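Working notes, structure below.
Note that the coordinates shown come from a computational prediction; the quantities given were computed from them, not determined experimentally.
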Amino acid sequence: MSIETVLFDFDGTLADTNALISQSHLAVLEEYFPGEYDLESVRAFNGPTLEMVYGKLNPLEKEPMIAKYRHFNETHHDEMVTIFEGVAENLDRLKSAGIRLAVVSSKRNDVLLRGLDLLNLKEYFEVIVGGLDYKKAKPDPEPIYVALEQLKVDFETAIMVGDNSHDIESANNAGIVSVFVEWSEKTLAEIKPYHPDVTVTSMTDLADYVIRNKARIKGD
């Protein structure tokens, strides 16, 4: 295939927000379910939307729980969010090679933009899609469709890069190539049942894969 467009998840893919997400969930869950959750068990909540997580755990208290999560998350955001190794350098490589770049996240738009600004990444992306830009979240394909329509690119030349099953399923449901990043908090064994098309071990590995495929087809 010819790769012209790369869509990225944000949390756990570009930004290391794993500790922030886990601690935000624990702050809420310890209040509602004392002693029932720890760092290992809340890994399952890194990926689904807050509405999915708390709507399943405690439907009657979903909105207050989401509000408490967001309060903790936003209070500690800037001190706990870091960038994964090689992200900026390889985004620069991809952009310089003429690859179209976008972010497709379930994160609320203002917090997503805050994270991109904090890590000095916003300049790399033509399109930034957050949770307010669509009705059905990943694993539904709608967020990917929104990004590709805004970019005005062919679906056949796009790939989706992410760290959890919702990213992989969304890409598969949209009919585009799904790429799992092995620096994810989720293990490869946990993701394999969702059938990612490609797995990469580093941002350099990802950039090499994209540029190699673009060059092979286009003759760059």
*Hey, is D208 close enough to R93 for a salt bridge, meaning N to O under 4.0 Å?*
yes
*So, K138 and E169, do they make that salt bridge, N to O below 4.0 Å?*
no
Polar side-chain atom of [X] near backbone of [Y] as donor-acceptor pair, under 3.5 Å:
X	Y	value
N173	P141	no
T13	F10	no
T157	D154	yes
N109	G131	yes
Q150	V127	no

State whether a side-chain donor-acceptor pair under 3.5 Å links [X] with [Y].
X	Y	answer
E4	S2	yes
D167	S170	no
N164	N46	no

Roughly how far apart are [X] [atom1] and [Y] [atom2], rounded to 0.5 Å?
X	Y	atom1	atom2	value
L39	E185	CG	CD	8.5 Å
K56	N58	NZ	CG	13.5 Å
L91	L119	CG	CG	11.0 Å
D16	I21	CG	CD1	9.0 Å
Y37	Y32	OH	OH	13.5 Å
E36	L57	CD	CG	9.5 Å

*salt bridge (charged side-chain N to carboxylate O under 4.0 Å, His left out) between K62 and E51, intermediate numbers included*: CA-CA 7 Å; K62 180 181 74 170; E51 286 75 11; over 6 Å; no
*For D11 and K107, run salt bridge (charged side-chain N to carboxylate O under 4.0 Å, His left out): C-alpha distance rounded to whole Å, both residues' side-chain angles, the deciding distance at 0.1 Å, then the answer.*
CA-CA 8 Å; D11 289 318; K107 208 175 190 74; 3.1 Å; yes
*Before giving the answer on salt bridge (charged side-chain N to carboxylate O under 4.0 Å, His left out), spell out for R43 and E40 the whole-Å C-alpha distance, their side-chain angles and the decisive distance to 0.1 Å.*
CA-CA 6 Å; R43 283 197 313 117; E40 175 60 24; 3.1 Å; yes
_Derivation and outcome, salt bridge (charged side-chain N to carboxylate O under 4.0 Å, His left out), residues E126 and R100_ = CA-CA 7 Å; E126 294 180 51; R100 310 281 298 278; 2.6 Å; yes
*So, Y69 versus H25, ring centres under 6.0 angstrom or not?*
yes
_For the aromatic rings, using the six-membered ring if either is Trp, is the centroid distance between Y145 and F155 under 6.0 Å?_
yes
*L101 and its side-chain contact (heavy atoms from CB on, under 4.5 Å) partner, picked from L94, L7, L151*: L94
*Are more than 12 heavy atoms from other residues, nucleotides or ligands located less than 6.0 Å from atom CD of E85?*
no
_If you count every heavy atom of other residues, nucleotides or ligands that lies below 6.0 Å from Y194 atom OH, does the total exceed 12?_
no
_Parallel, tilted or perpendicular, judged at 30° and 60°: which one describes the rings of W183 and F84?_
tilted
